[in-house]
Amino acid sequence: MIFVFIAFCQCLHSQILVDGIFEDWDDPVLLLTETGDVNQTPDIESISFSNDDLYLYGKISLSESIDLLDEQWLSIYIDADNDPNTGFPNDGLGTEITYYFNAGNGFLNVGNDSESIGHTNLGLVSSPTITSKEFEFSILRRLSTENEQLFLNGDITIRIENGVDNGDIVPNDNPGFIYSFDESFVFNQNNYSFIKQNEENIRIVSYNSKQDGIADPIAGLEQIKILQALNPDIIAYQEIYNTDPAIVAQALDQAMPNGSQGWFYAHVFPDIMLFSRMEMEAFDWVDGNGVFLLYPFGDDSSPLVIFNVHFPCCDNDIQRKEEIDHLLSKLRDKETNFLFEQDAPVIILGDFNLVGEASELMALLSGNIFDQSTYGSSFTPDCDGSWLIDANPYTTGLPFNYTWNNPNGSYDPGRLDFFLYTGSKLKVENGFVLDTKGLTDNELMAHGLTSSSTSIASDHLPLTIDLNNIVDADGDGYIYSVDCDDLDPEVNSGASEIPNNDI
């Protein structure tokens, strides 16, 4: 069965965010659907495109879940001037842009010249990094390499292919389909506050130091300058293998003094460290990941339990699942080398390295344990019987949520670092992933940074969250996530309806 539908929407469309969440594609500028038209899976079922003044955005829906960057040979071809006689001749197209997602590179063909182009120059960011039936991506409209420049505007022609033998091609019957840029839409960046807005909030930064980058005379200096600008209360570090935590604490004390006691710290073998302005009560080791107990909201409040993790990288799904199972069993039983209360607020943060099966993220959110014969039964990880919440902060000044970027690597930027928390006990007030190339000149000057500060410091970006433990501000028994107005105790989902009061 083949169904083809093309719809043009002239209405003002939503700002697209390349984040692996697809609700912002409800009003695509162009939608092309072709289902059930190939025997070789996966079938490319639909394609959507949109744009703002900076980027062209694409969304691909498939008949089955794949790992976009490792399993398939999906590729995109763009004829930027709709002229088959210019660019690289390709089955009726003259393509100025060719990109292979699996290979992490492509070609830019302008005039008679052709040169290789990687994800950095192309502005290619795809999401999610885990297996999915849907993917979205960005391409810069203004492209520039060492030798060539190209600006995408007006009408362009696009074709998507699954490059395996007898793989799908969209569209089937034409060299490509025409996309017309909407010049009325300007990028609208996400709201965030670089400065903590409420002193009662606790600012936590999760940061992968990139193989003891904190000890490097160049990268380490940038890391300290970045932390000084962020001014956190707690720093969850990963990949500090060979540097004495006392040396790191001394550098933090010099940049951000913490009274006569200095910064408190704990180290869990091999590379997990936690630094805090508040004294830590206890900590433990769980498969090379750390769990820490402290009282950041005051001694008369509940303790905060932080799991600071660095899961195995790359295609090692088996070991990642095992570490996830073990960690979840500790959270379920509330028992490590120290005990913590059943209703203690919990955070799981760090470098999750989720580049494989989507089930791994779902397990962490839902409390699903893969190997129940070894690690016991699944459970709901929040004490109110709900899942953990994914804070999902966005990259500063950019339409992405990536936390890792190696401009010279074969993989485009991706979301590897996460912040999960118990929504019944904690409320996130503000969050962002700091990429200094997305900051304005005024922001950079105000905080003593440059546009390249984060790229010099590490291949990971510091994930920053401001949170507090006031989840029911008006004390009406309904936490903020289900309360219509958490500042008015008379207004909540359980209050009696008063007719005709416009509330």
Side-chain angles (χ1 to χ4, degrees), residues 2 4 6 29-34 37-51 55-62 66 68-69 71-126 135-181 410 412:
I2 300 175
V4 180
I6 300 178
V29 171
L30 185 146
L31 172 68
L32 188 148
T33 303
E34 294 183 347
D37 58 334
V38 293
N39 294 322
Q40 176 68 44
T41 58
D43 180 18
I44 303 173
E45 294 189 333
S46 69
I47 296 173
S48 303
F49 279 85
S50 185
N51 74 270
Y55 291 94
L56 170 69
Y57 302 100
K59 172 176 172 284
I60 303 174
S61 297
L62 304 163
I66 67 166
L68 178 66
L69 303 183
E71 291 182 352
Q72 296 292 327
W73 282 94
L74 282 173
S75 53
I76 181 171
Y77 303 90
I78 299 177
D79 188 336
D81 57 6
N82 286 321
D83 185 348
N85 299 310
T86 61
F88 183 79
N90 189 328
D91 294 332
L93 291 182
T95 58
E96 277 72 34
I97 299 172
T98 301
Y99 190 79
Y100 306 99
F101 289 94
N102 179 285
N105 60 44
F107 296 93
L108 183 65
N109 301 284
V110 179
N112 295 320
D113 297 323
S114 176
E115 63 178 295
S116 176
I117 187 169
H119 59 80
T120 299
N121 286 338
L122 194 60
L124 194 289
V125 177
S126 62
F135 295 93
E136 55 189 342
F137 60 91
S138 65
I139 292 176
L140 276 169
R141 293 185 60 183
R142 191 173 299 277
L143 300 174
S144 179
T145 66
E146 184 177 349
N147 301 312
E148 303 294 345
Q149 291 186 346
L150 180 67
F151 179 62
L152 299 178
N153 64 347
D155 294 342
I156 62 175
T157 305
I158 304 172
R159 182 168 69 239
I160 304 287
E161 294 185 7
N162 178 7
V164 299
D165 292 340
N166 300 314
D168 198 7
I169 299 175
V170 177
N172 290 316
D173 302 325
N174 300 297
F177 58 88
I178 294 177
Y179 176 80
S180 300
F181 282 92
S410 59
D412 59 81

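These numbers were taken from a predicted model, which means no experiment stands behind them. Hydrogens, waters and symmetry mates are skipped; everything else that's a heavy atom, side chains included, is used. Residues take their numbers from the sequence shown, with the count starting at 1.
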What distance separates [X] [atom1] from [Y] [atom2], expressed to the nearest 0.5 Å?
X	Y	atom1	atom2	value
Asn174	Leu32	CG	CG	9.0 Å
Phe49	Ile76	CZ	CD1	4.0 Å
Glu34	Ile47	CD	CD1	7.5 Å
Ser46	Ile160	OG	CD1	11.0 Å
Glu115	Thr145	CD	OG1	3.0 Å
Leu122	Ser144	CG	OG	12.0 Å

For [X], what residues pass the side chain to side chain contact (heavy atoms under 4.5 Å, CB included) criterion, not counting sequence neighbours?
X	result
Ser114	Phe107, Asn109
Thr157	Asp79, Asn82, Leu93, Ile178
Leu140	Tyr55, Leu143
Asn153	Arg141, Phe151, Glu183

Testing the basics here: between [X] and [Y], what is the closest heavy-atom pair and its distance to 0.1 Å?
X	Y	answer
Leu152	Ala80	CD2-CB, 3.7 Å
Ser50	Leu56	O-CD1, 3.4 Å
Ala103	Trp73	CB-CZ3, 3.9 Å
Tyr57	Asn51	CD1-CA, 3.8 Å
Asp168	Pro42	CB-O, 4.3 Å

*Kindly determine whether Phe137 and Phe101 satisfy ring-ring contact (aromatic ring centres under 6.0 Å, His included), including the steps that lead there.*
CA-CA 10 Å; Phe137 60 91; Phe101 289 94; 5.2 Å; yes
Who are the side chain to side chain donor-acceptor pair (under 3.5 Å) partners of [X], not counting sequence neighbours?
X	answer
Tyr77	Ser75
Ser138	none
Ser410	none
Asp81	Thr86

Does any part of the side chain of [Y], heavy atoms only, come nearer than 4.5 Å to the side chain of [X], both counted from C-beta?
X	Y	value
Ile117	Asn105	no
Leu62	Leu74	yes
Ile97	Ile156	no
Asp113	Asn147	no

*asked:* Assess the residue pair Phe177 and Tyr179 against the criterion (ring-ring contact (aromatic ring centres under 6.0 Å, His included)); give the C-alpha distance rounded to whole Å, side-chain angles, the decisive distance to 0.1 Å, and a yes or no.
replied: CA-CA 7 Å; Phe177 58 88; Tyr179 176 80; 8.2 Å; no
*Check the pair Leu124, Tyr99 against side-chain contact (heavy atoms from CB on, under 4.5 Å), reporting the backbone distance first and the verdict last.*
CA-CA 9 Å; Leu124 194 289; Tyr99 190 79; 3.6 Å; yes
*Does any pair with a residue in residues 153-162 pass salt bridge (Lys or Arg N to Asp or Glu O under 4.0 Å), and if so which ones, sequence neighbours excluded?*
Arg159-Glu161
*Scan side-chain atoms only and decide if Asp412 and Ser126 contain a donor-acceptor pair under the 3.5 Å cut-off.*
yes
_Pair Asp91, Ile169 - check side-chain contact (heavy atoms from CB on, under 4.5 Å), show working._
CA-CA 11 Å; Asp91 294 332; Ile169 299 175; 5.9 Å; no
*Could you go through the side-chain contact (heavy atoms from CB on, under 4.5 Å) check for Asn102 and Leu69 one step at a time?*
CA-CA 4 Å; Asn102 179 285; Leu69 303 183; over 6 Å; no
